[in-house]
There are 2 protein chains.
Amino acid sequence: MQITPQIADMVEETPVFELTTEGLCRSILARHQDTICVRKTAIAVPRLKRILESALDLSNRGGFQAMSLRDLSRASGMSTGGLYAYFDSKTTLRKMSLQEVTDLVQRVLGKPPAAIAADPVAHLRWLIDTHLHLTEALLPWFTFAFMEAKNFPPAERRIAVDSEALTERLFAEVIERGVMSGVFRTDTSPMLPALIKPLLQEWYVKRPKYRRRGISLVSYSATVQDFVLNACLKDTVSGRE
Amino acid sequence: MQITPQIADMVEETPVFELTTEGLCRSILARHQDTICVRKTAIAVPRLKRILESALDLSNRGGFQAMSLRDLSRASGMSTGGLYAYFDSKTTLRKMSLQEVTDLVQRVLGKPPAAIAADPVAHLRWLIDTHLHLTEALLPWFTFAFMEAKNFPPAERRIAVDSEALTERLFAEVIERGVMSGVFRTDTSPMLPALIKPLLQEWYVKRPKYRRRGISLVSYSATVQDFVLNACLKDTVSGRE
DNA sequence: CCAGAAATCGATCGATCGTTCGATAGAATA
DNA sequence: TATTCTATCGAACGATCGATCGATTTCTGG
């Protein structure tokens with residue numbers, strides 16, 4: 001009996017942005033109205049979608065710097081000049097993608113269902129599982145954000161660093177509540193929240209490895225949940241039943 | 001009473017290569033005799049050291065692609081043409097660094113002290129602690145290898161992937177021995193070896209974060225060790241001491 | 001069907017890239 | 001000291017980059 005909240009359920013609560021590439025593109029279009037000079041949404045969204053899908057694909061192969069705008073124009077089926085109707089510089093293109101991902105994480109993880117938020121164990125499981133499902137649904141976006149965040153100029157790098165710090169704080173708060181309510185051990189390592197993040201990143205950074213081994217998202221999620229709960233729960237969590 | 005084998009002790013067993021940038025440069029020089037056309041070691045080693053230190057520093061800031069050979073020439077105090085006495089192309093420079101790191105990990109982790117290898121718990125702790133100390137001593141090399149491995153062409157990317165697979169196998173073998181000898185739980189997750197690696201990478205990938213928080217390598221190592229042992233040891237590991 | 005707007009095109013620019021190579025300086029040899 | 005070899009230099013080359021902009025196509029309202 002695994003707690004695996006469906007992403008679809010969550011969308012009903014926040015219907016403004018779907019967790020799809022198209023949804024993100026609509027959000028990007030709204031956020032960058034001033035730089036994107038294509039006015040009709042019906043045209044701009046599918047075009048932007050094609051551009052960003054190609055850009056993420058190319059970047060995730062050889063790095064963002066290595067992707068030339070000629071490569072992007074070829075892959076997206078749009079001329080090099082035409083691309084500039086959707087961004088004013090290559091740097092802006094990078095910022096658009098990264099910013100959208102970090103915003104999304106905070107929007108989704110910040111609003112757990114009320115019933116789940118009441119129970120620290122369920123909440124902790126939900127945070128892990130939801131984060132994994134989120135990255136799975138938007139895999140290219142997250143691999144891009146992870147790999148390219150380090151190459152940002154200092155000013156913009158803060159976006160990624162702050163986002164990660166905020167995610168870690170969500171874990172820290174839940175664990176603290178669990179300790180105070182007596183469910184978690186009082187000697188739980190204060191470093192545990194920081195150690196959860198790399199376990200979640202592992203899933204999308206090394207995605208091909210787990211695909212090759214035939215390991216499903218569900219079983220990976222369950223393993224990480226047990227791994228983490230073993231480190232803080234008073235009663236040891238047995239393996240999958 | 002923490003098991004923290006000093007790197008210095010290990011060097012005595014494998015005195016051929018010291019765990020310093022200079023030691024790695026000597027190894028690189030020996031391996032690439034044919035492409036490096038500077039014959040006198042007394043000159044080649046310190047020059048190569050300056051070049052690689054600068055290259056790793058620049059790459060780790062903005063990415064390897066973004067580092068131009070003019071940047072590198074300025075930082076290393078050598079002319080752009082002079083650099084080509086130490087590598088025949090920028091790609092070779094990248095391969096030299098990566099290959100050296102992956103080789104080093106296998107050389108060091110593959111030879112645990114006999115006394116430690118006998119006990120699965122001590123061996124597992126030793127693998128974690130030694131890996132962390134190794135990455136700490138050669139931080140720029142590992143951040144470079146981690147960040148740039150993904151941007152390799154498929155053929156050379158295998159070097160990094162295989163190296164990681166081998167490291168994971170070291171963990172898997174120790175854990176399996178622990179299970180068979182009755183020290184580890186029989187229901188230990190088969191995915192545990194894969195989950196250890198990201199916890200070790202976290203240390204050098206997010207190094208500034210832990211420096212900012214004043215978290216020492218020793219305490220990080222102890223936390224990870226306990227975290228992992230909690231997931232496989234029969235008797236729950238209490239907090240530090 | 002046609003005028004005007006919206007969207008796209010692709011040749012082109014200057015800058016910068018990795019790389020080459022003849023000249024030069026320094027050390028070793030005799 | 002003269003000579004040979006080693007190591008380094010930095011100007012220069014062709015290729016490619018991000019970005020521009022006037023021409024062209026496509027769409028839309030009347």
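In what follows, chains carry the letters A, B, and so on, assigned in the order in which the sequence lines appear, proteins first and then strands, with residues in each chain numbered from 1.
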(Q) Expressed as a whole number of angstroms, how long is the span from Leu83(B):CG to dC9(D):P? (A) 9 Å
Q) Considering the terminal five base pairs at each end of the helix from dC1(C)-dG30(D) to dA30(C)-dT1(D), what angle separates the two local helix axes, rounded to 10°? A) 10°
**Q.** Rounded distance (Å) that lies between atom P of dA6(C) and atom CD1 of Ile36(A)
**A.** 17 Å
(Q) I need the CZ-P distance between Arg39(A) and dT8(C), as an integer number of Å. (A) 13 Å
Q | Residues which pass side chain to side chain contact (heavy atoms under 4.5 Å, CB included) with Glu136(B), listed by chain and number, not counting sequence neighbours | A | Trp203(B), Arg207(B), Leu217(B)
Sort me out a list of protein N/O and nucleotides 22-30 of chain C N/O pairs below 3.5 Å, or just none if empty.
none

**Q.** Residues forming a side chain to side chain contact (heavy atoms under 4.5 Å, CB included) with Ala55(B), sequence neighbours excluded
**A.** Met67(B), Leu72(B), Leu93(B)
Which pairs, protein N/O on one side and nucleotides 14-18 of chain D N/O on the other, fall under 3.5 Å?
| from | atom 1 | to | atom 2 | distance (Å) |
| --- | --- | --- | --- | --- |
| dG18(D) | OP1 | Met67(A) | O | 3.4 |
| dG18(D) | OP1 | Lys90(A) | NZ | 2.7 |
| dG18(D) | OP2 | Leu69(A) | N | 2.8 |
| dG18(D) | N7 | Arg70(A) | NH1 | 3.0 |
| dG18(D) | O6 | Arg70(A) | NH2 | 2.6 |

(Q) Once side chain to side chain donor-acceptor pair (under 3.5 Å) is applied, do any residues pair with Arg47(B), and if so which ones, sequence neighbours excluded? (A) none
Q | Residues that Asp162(A) engages under side chain to side chain contact (heavy atoms under 4.5 Å, CB included), provided they are two or more places apart | A | Arg158(A)
Q: Among residues two or more places apart or on two chains, list those pairs meeting ring-ring contact (aromatic ring centres under 6.0 Å, His included) that have a residue in residues 54-89 of chain A.
A: Phe64(A)-Phe144(A), Tyr84(A)-Phe87(A)
Q: Write down the distance between CZ (Arg47(B)) and P (dT6(D)), rounded to a whole number of angstrom.
A: 17 Å
Q.
Without decimals, in angstroms, what is the distance between Leu58(B) CG and dG18(C) P?
A. 12 Å
Q. Tyr210(B): what forms a side chain to side chain donor-acceptor pair (under 3.5 Å) with it, not counting sequence neighbours?
A. Glu202(B)
Q | Between C1' of dA19(D) and CG of Asp88(A), the distance in whole Å | A | 11 Å
**Q.** Heavy-atom donor-acceptor pair, Thr223(B) side chain to Ser219(B) backbone, under 3.5 Å
**A.** yes
Q. Can you name the side chain to side chain contact (heavy atoms under 4.5 Å, CB included) partners of Pro140(B), sequence neighbours left out?
A. Leu56(B), Asn60(B)
(Q) Tell me every residue that passes side chain to side chain donor-acceptor pair (under 3.5 Å) with Glu148(A), counting only those two or more places apart in sequence or in another chain. (A) Asn151(A)
**Q.** Spacing of Met78(B) atom CE relative to dT6(D) atom C1', expressed in whole Å
**A.** 13 Å
**Q.** Ile43(B) CD1 - dA7(D) P separation (whole Å)
**A.** 6 Å
Q: Apply side chain to side chain donor-acceptor pair (under 3.5 Å) to Asp57(A) and list each qualifying residue two or more places apart in sequence or on a separate chain.
A: Arg61(A)
Q: Would you classify Tyr86(A) as touching base, sugar-phosphate or nothing, given that sugar-phosphate means primed atoms plus P, OP1 and OP2, and contacts are heavy atoms under 4.0 Å?
A: sugar-phosphate
Q. When you look at NZ of Lys150(A), are more than 12 heavy atoms from neighbouring residues, nucleotides or ligands closer to it than 6.0 Å?
A. yes
